[in-house]
Trainee: 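I am attaching a structure below and will ask some questions about it afterwards.
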Amino acid sequence: QVQLVESGGGLVQAGGSLRLSCAGSGRPFSAYCMGWFRRAPGKEREFVASINWSGGSTDYADSVKGRFAISRDNAQKRVYLQMNSLKPEDTAVYFCAAGQNMALVRAAPNYWGQGTQVTVSS
């Protein structure tokens with residue numbers, strides 16, 4: 001059992017930056033691949049980024065490549081999403097997720113956080 005809690009969302013201007021944080025508890029955090037997803041109003045959930053258990057491998061949606069960076073600190077049981085050059089279309093609720101491998105965290109995560117709202121104004 002893993003519990004995930006996101007934080008760091010807020011309101012920012014286009015072109016600005018935010019860093020989201022996901023705090024994990026329960027099972028050994030380092031055993032899980034972690035991911036970030038987002039859901040904009042009226043839209044389907046979208047994969048954003050993922051990172052493997054060691055942090056040595058990452059994956060990004062094309063829409064955020066070059067702007068977002070996922071990282072993790074296993075000692076602190078945290079995963080981060082650094083979001084730069086934010087655009088209004090990045091506005092969404094962002095969710096942290098955990099899975100046993102990179103494919104599963106992207107397609108069918110085992111655990112989800114509650115989400116944190118990110119709003120980017122024009």
Side-chain angles (χ1 to χ4, degrees):
Q1 181 67 39
V2 174
Q3 296 181 13
L4 304 171
V5 179
E6 304 93 336
S7 62
L11 175 64
V12 298
Q13 293 182 319
S17 298
L18 280 175
R19 189 174 78 157
L20 305 183
S21 179
C22 173
S25 63
R27 290 284 184 86
F29 184 78
S30 62
Y32 290 90
C33 298
M34 304 297 298
W36 287 96
F37 296 77
R38 65 187 183 186
R39 186 178 181 90
K43 297 183 178 180
E44 297 293 324
R45 185 185 65 198
E46 177 188 19
F47 168 78
V48 175
S50 61
I51 188 167
N52 76 340
W53 45 86
S54 70
S57 180
T58 58
D59 194 18
Y60 296 93
D62 289 341
S63 60
V64 305
K65 284 182 178 178
R67 299 189 299 120
F68 291 9
I70 188 171
S71 62
R72 68 189 298 163
D73 185 339
N74 289 337
Q76 297 294 320
K77 295 185 176 181
R78 284 188 175 271
V79 176
Y80 302 96
L81 185 67
Q82 179 67 47
M83 304 185 294
N84 300 320
S85 301
L86 283 163
K87 304 174 181 179
E89 52 262 45
D90 294 319
T91 295
V93 177
Y94 283 71
F95 299 90
C96 180
Q100 293 186 347
N101 57 56
M102 292 291 275
L104 286 176
V105 76
R106 183 166 184 161
N110 293 329
Y111 303 101
W112 291 93
Q114 63 186 14
T116 185
Q117 176 70 47
V118 172
T119 302
V120 184
S121 61
S122 300

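Residue indices begin at 1 and follow the sequence shown. Predicted, not measured: the structure shown is a model, and the values here were computed from it. Side chains are part of it too, since the values below use all heavy atoms of this structure and drop only hydrogens, waters and symmetry mates.
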Trainee: Checking Gln114 side chain against Val5 main chain: does a donor-acceptor pair fall under 3.5 Å?
Mentor: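 Absent.
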
Trainee: Taking Gln1 for the side chain and Gly26 for the main chain, is one N or O donor matched with an acceptor at less than 3.5 Å?
Mentor: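 No; zero donor-acceptor contacts below 3.5 Å.
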
Trainee: Contact between Ser25 and Lys77 at the side-chain level, heavy atoms closer than 4.5 Å - yes or no?
Mentor: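 Heavy-atom side-chain distance check fails, nothing below 4.5 Å.
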
Trainee: Between Asp90 and Lys87, is the salt bridge (Lys or Arg N to Asp or Glu O under 4.0 Å) condition met? List the steps.
Mentor: CA-CA 5 Å; Asp90 294 319; Lys87 304 174 181 179; over 6 Å; no

Trainee: What's the shortest heavy-atom distance between Asn52 and Arg72, and which atoms?
Mentor: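 In terms of heavy atoms, the two residues are closest at O-NH1, 2.6 Å.
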
Trainee: Out of curiosity, does Leu81 fall in the hydrophobic cluster containing Trp112 (side-chain heavy atoms, cut-off under 4.5 Å, transitive links)?
Mentor: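 Each belongs to a different hydrophobic cluster.
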
Trainee: For the atom pair CZ (Phe47) and CH2 (Trp36), what is the distance rounded to the nearest 0.5 Å?
Mentor: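 Here the rounded value is 12.5 Å.
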
Trainee: Identify the heavy atoms of Trp53 and Asn101 that sit nearest to each other, and give their distance.
Mentor: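 Closest pair (atom of Trp53, atom of Asn101, distance): CZ3-CA, 4.4 Å.
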
Trainee: Stepwise, does the side chain to side chain contact (heavy atoms under 4.5 Å, CB included) test hold for Ser63 with Glu46?
Mentor: CA-CA 10 Å; Ser63 60; Glu46 177 188 19; 3.4 Å; yes

Trainee: Considering residues, nucleotides and ligands other than Arg27, do more than 12 of their heavy atoms fall under 6.0 Å from its CZ?
Mentor: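 No, the 6.0 Å shell around CZ holds no more than 12 heavy atoms from other groups.
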
Trainee: What residues, two or more places apart in sequence or in another chain, satisfy side-chain hydrogen bond (donor to acceptor under 3.5 Å, both in side chains) together with Tyr94?
Mentor: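 Tyr94: side-chain hydrogen bond (donor to acceptor under 3.5 Å, both in side chains) contacts with Arg38.
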
Trainee: For Arg106, check salt bridge (charged side-chain N to carboxylate O under 4.0 Å, His left out) against everything at least two apart and list the hits.
Mentor: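 If we apply the salt bridge (charged side-chain N to carboxylate O under 4.0 Å, His left out) test to Arg106, skipping adjacent residues, the hits are Asp59.
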
Trainee: So do the side chains of Met83 and Arg19 get within less than 4.5 Å of each other, counting heavy atoms only?
Mentor: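 They are not in side-chain contact.
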
Trainee: Determine, using the 4.5 Å side-chain heavy-atom cutoff (strictly less than), whether Leu86 and Leu20 are members of one ILVMFWY cluster.
Mentor: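 The answer is yes; both residues are in one hydrophobic cluster.
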
Trainee: Could you tell me if the side chain of Phe95 sits less than 4.5 Å from the side chain of Pro109, heavy atoms only?
Mentor: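 SC-SC contact between Pro109 and Phe95 ruled out.
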
Trainee: Would a single hydrophobic cluster contain both Ile70 and Val105, if residues Ile, Leu, Val, Met, Phe, Trp and Tyr are joined by side-chain heavy-atom contacts under 4.5 Å?
Mentor: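 They do not share one cluster, since no chain of ILVMFWY contacts under 4.5 Å joins Val105 to Ile70.
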
Trainee: From Glu89 CD over to Ser122 OG, what is the distance, rounded to the nearest 0.5 angstrom?
Mentor: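 Spacing of CD (Glu89) from OG (Ser122) equals 8.5 Å.
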
Trainee: Roughly how far apart are Gln82 CD and Phe68 CZ, rounded to 0.5 Å?
Mentor: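 Reported value, rounded in 0.5 Å steps: 9.5 Å.
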
Trainee: Do the side chain of Arg67 and the main chain of Ser85 share a donor and acceptor less than 3.5 angstrom apart?
Mentor: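 The answer is yes, because a donor-acceptor pair under 3.5 Å joins these two groups.
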
Trainee: Could I get the full list of side chain to side chain contact (heavy atoms under 4.5 Å, CB included) partners for Ala14, not counting sequence neighbours?
Mentor: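 Per chain and number, Ala14 pairs via side chain to side chain contact (heavy atoms under 4.5 Å, CB included) with Pro88, Val120.
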
Trainee: Could you pull out the closest heavy-atom pair between Tyr60 and Ala49, with the gap in Å?
Mentor: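 That closest heavy-atom pairing would be CD2-CB, 3.6 Å.
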
Trainee: Nearest 0.5 angstrom please: Thr58 OG1 to Lys65 NZ, how far?
Mentor: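 Answer for the OG1-NZ pair, Thr58 versus Lys65, is 9.5 Å.
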
Trainee: Which atoms form the tightest heavy-atom contact between Val118 and Gly9, and what is the distance?
Mentor: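 That would be CG2-CA, 4.1 Å.
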
Trainee: How would you list, by chain and number, every residue that makes a side-chain hydrogen bond (donor to acceptor under 3.5 Å, both in side chains) with Ser17, sequence neighbours excluded?
Mentor: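 Scan of Ser17 (side-chain hydrogen bond (donor to acceptor under 3.5 Å, both in side chains), adjacent residues dropped) gives Asn84.
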
Trainee: So which atom in Cys22 and which in Met34 form the shortest heavy-atom distance, rounded to 0.1 Å?
Mentor: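 Closest approach of Cys22 to Met34: SG-CE, 4.3 Å.
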
Trainee: Grouping I, L, V, M, F, W and Y whenever their side-chain heavy atoms are under 4.5 Å apart, do Leu18 and Val64 come out in a common cluster?
Mentor: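 Yes, same cluster.
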
Trainee: According to disulfide bond (SG atoms under 2.5 Å apart), who are the partners of Cys33, at least two apart in sequence or on a separate chain?
Mentor: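 Applying disulfide bond (SG atoms under 2.5 Å apart) to Cys33 gives none.
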
Trainee: Once side-chain hydrogen bond (donor to acceptor under 3.5 Å, both in side chains) is applied, do any residues pair with Thr119, and if so which ones, sequence neighbours excluded?
Mentor: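 Only Gln117 meet the side-chain hydrogen bond (donor to acceptor under 3.5 Å, both in side chains) criterion with Thr119.
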
Trainee: Are Tyr111 and Ile51 joined in one hydrophobic group, where the rule is that I, L, V, M, F, W and Y side chains link up if heavy atoms are under 4.5 Å apart?
Mentor: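 Hydrophobic grouping puts Tyr111 with Ile51.
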
Trainee: Might you point out which heavy atoms bring Arg78 and Ser7 nearest each other, and give the distance in Å?
Mentor: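 Looking at all heavy atoms of both residues, the closest pair is NH1-OG, 4.5 Å.
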
Trainee: Asn74 side chain to Ser54 main-chain N or O, any donor-acceptor pair under 3.5 Å?
Mentor: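 Checking the backbone N and O of Ser54 against the side chain of Asn74, no donor-acceptor pair under 3.5 Å is found.
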
Trainee: Give a yes or no on this: more than 12 heavy atoms of other residues, nucleotides or ligands lie within 6.0 Å of atom CD of Gln13.
Mentor: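 Atom CD in Gln13 is not crowded, with 12 or fewer foreign heavy atoms closer than 6.0 Å.
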
